[in-house]
Amino acid sequence: MWKILSFLQKNLTWSIPIFMILGVVFGLLADPSGLKSLIIPLTFLMVYPMMINLQIKKVIAGGDYKVQVVTQIINFAIIPFFAFGVGKLFFNDQPLILLGLLLTSLLPTSGMTISWTGFAKGNINAAIKMTVIGLIAGSIATPFYAKFLMGTVIEIPLANIFKQIIIIVFLPMILGQVTQFLLIKQVGMDKYQKNLKKKFPVFSTLGVLGIVFVAMSLKAQAILDNPMMLLSLLVPLVTIYGFNFLLSTLIGKALFDRDNAIALVYGTVMRNLSIALAIAMTVFGQEGSEIALIITMAYIIQVQAGAWYVKFTDRIFGKVPTSEAI
């Protein structure tokens, strides 16, 4: 079972589409309404394990203020408004899809920010800070952005969003940090880093796949009636991710050294789609599965784009200096 879960995690590009298809098939063959009761437990399974590895203490370490500030300017002053503009262009008459697109742009960074930065030999410490800052800032800012940009075309339950963010972000964050402390105290830092730390993302992946399955099951009939619906979501997503990669790459090359430039790219392009998915499915009730459609499609684009960018990192930013590579 562990090997299967690890395989699913390492191959999200394929496992997410497979679970999407399985969800649609299930939704067409059976009554999916009973799956709604799984949303909260699956959300907790998706978020809590990721919070155990969150290194909040890294935020107070100084030395890279410039890249952190530029990262958050891109994350909160540029990308959400660009995504909203693209959304208005493609989905002006589909406010729920537009809201889903907005949610993907408002929650920057994920565990993959750190992973991809490491694969590309960038500044991992800066990436860790970006992940923590982006998660906290995005969680606080999302309800206000959603209300400001979407409040005139769709009801945005501000109080309910904050309540759910406390439940699905900050409560797991507190529990995760307590769990991390107790595990390190019990087994020691060395064993935690070498053995336990690698296992938690697998459980998060299981939660993601479960939520994707539920969301697709609930929308199965609508997808059957309009099978081109999912494909129509790809063009705006590719547009947003393409713009984000290009903008962050140009700014990174202009303002920073190789290590920080790579952290900047992955700290702005990788979105916390798990939290976006959790908000969609827990806050918006029956409409949540429609909002979740575009977030689910974003997983496919994000994982693929992140992997390909690593392959071109040396061409874009140059190879790691020999003294650092040794």
task: For side chain to side chain contact (heavy atoms under 4.5 Å, CB included), just list the numbers for Val67 and Met130, CA-CA rounded to whole Å, side-chain angles, deciding distance to a tenth of an Å, and then say yes or no.
output: CA-CA 9 Å; Val67 72; Met130 291 170 187; 3.8 Å; yes
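- With a 4.5 Å cut-off on side-chain heavy atoms, Leu149 and Phe81 count as touching.
- Residues Arg271 and Asn75 share a closest heavy-atom pair of NH1-OD1, 3.5 Å.
- Linking Ile, Leu, Val, Met, Phe, Trp and Tyr whenever their side-chain heavy atoms come within less than 4.5 Å leaves Leu42 and Ile52 in two separate clusters.
- Rounded to the nearest 0.5 angstrom, Met228 CE and Ile223 CD1 are separated by 13.5 Å.
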field: Phe170/Ser139 under side chain to side chain contact (heavy atoms under 4.5 Å, CB included): CA gap, chis, key distance, verdict
entry: CA-CA 9 Å; Phe170 291 107; Ser139 299; 4.0 Å; yes
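- Residues Met50 and Ser274 share a closest heavy-atom pair of CE-CB, 3.8 Å.
- Remark: side-chain polar atoms of Ser217 are paired, donor with acceptor, to backbone N or O of Gly23 under 3.5 angstrom.
- Leu277 has its side chain within reach of Val212: a pair of non-hydrogen atoms, C-beta onward, lies under 4.5 Å apart.
- One hydrophobic cluster holds both Leu89 and Ile79 under the rule that ILVMFWY side chains link at heavy-atom gaps under 4.5 Å.
- For the atom pair Ile133 CD1 and Ile56 CD1, the distance stands at 11.5 Å (nearest 0.5 Å).
- Side-chain contact between Thr104 and Ile240 is absent, with no heavy atoms from C-beta onward closer than 4.5 Å.
- The hydrophobic cluster containing Val214 does not contain Tyr48, counting ILVMFWY residues as joined when their side-chain heavy atoms lie under 4.5 angstrom apart, directly or transitively.
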- request: Take Lys194 and Asp190 through the test side chain to side chain contact (heavy atoms under 4.5 Å, CB included) and record every step on the way to the result.
  value: CA-CA 6 Å; Lys194 288 183 178 178; Asp190 188 57; 3.3 Å; yes
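- Other residues, nucleotides and ligands contribute more than 12 heavy atoms inside 6.0 Å of the CD atom of Gln193.
- Applying the side-chain hydrogen bond (donor to acceptor under 3.5 Å, both in side chains) criterion to Asp225, with sequence neighbours excluded, gives Gln221.
- Side-chain contact between Asn195 and Val187 is absent, with no heavy-atom pair separated by less than 4.5 Å.
- Hydrophobic clustering (ILVMFWY, side-chain heavy atoms < 4.5 Å, transitive): Leu273 and Val238 are in one cluster.
- A 4.5 Å side-chain heavy-atom check between Met173 and Val169 finds at least one atom pair inside the cut-off.
- Looking only at side-chain heavy atoms (C-beta outward), Leu98 and Leu102 stay at 4.5 Å or farther from each other.
- Scanning all heavy atoms of the two residues, the minimum distance from Thr109 to Gly134 falls at OG1-CA, 4.0 Å.
- Nearest heavy atom pair, residue Leu54 against residue Gln177, reads O-NE2, 2.8 Å.
- Contact of the Lys253 side chain with the Leu264 side chain is not registered, since no non-hydrogen atoms from C-beta on lie closer than 4.5 Å.
- Between Thr268 atom OG1 and Asn244 atom CG the span is 5.0 Å, to the nearest 0.5 Å.
- Taking every heavy atom of both residues into account, Ile262 and Phe317 meet most closely at CG1-CD1, 3.8 Å.
- Here Phe162 and Phe144 bring their ring centres to under 6.0 angstrom of each other.
- No donor-acceptor pair closer than 3.5 Å links the side chain of Ser115 to the backbone N or O of Met112.
- We find the CG-CG distance between Asn272 and Leu106 to be 12.0 Å, quoted to the nearest 0.5 Å.
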field: Intermediate values then yes/no, side chain to side chain contact (heavy atoms under 4.5 Å, CB included), Phe19 and Ile211
entry: CA-CA 9 Å; Phe19 272 75; Ile211 286 287; over 6 Å; no
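- Clustering ILVMFWY residues whenever any of their side-chain heavy atoms sit less than 4.5 angstrom apart, transitively, puts Ile161 in the very cluster that holds Ile294.
- Separation of atoms CD1 (Ile39) and CD1 (Ile168) is listed at 11.5 Å; rounding is to 0.5 Å.
- Rounded to the nearest 0.5 angstrom, Leu101 CG and Ile291 CD1 are separated by 12.0 Å.
- Among residue pairs with one or both ends in residues 206-264, those qualifying as ring-ring contact (aromatic ring centres under 6.0 Å, His included) are Phe26-Phe213, Phe82-Phe243, Phe245-Tyr309; sequence neighbours excluded.
- Contact check for Gln55 versus Val132: no side-chain heavy atoms found under the 4.5 Å cut-off.
- Using cut-offs of 30° and 60° for the angle between ring planes, the Phe312 and Trp308 rings count as parallel.
- Using a 3.5 Å distance cut-off with no hydrogens or angles, the side chains of Thr131 and Tyr266 do not pair a donor with an acceptor.
- With hydrogens and angles disregarded, no donor-acceptor distance shorter than 3.5 Å links the side chain of Gln164 to the backbone of Met281.
- Considering every non-hydrogen atom in both Ala126 and Gln68, the closest pair reads O-NE2, 3.0 Å.
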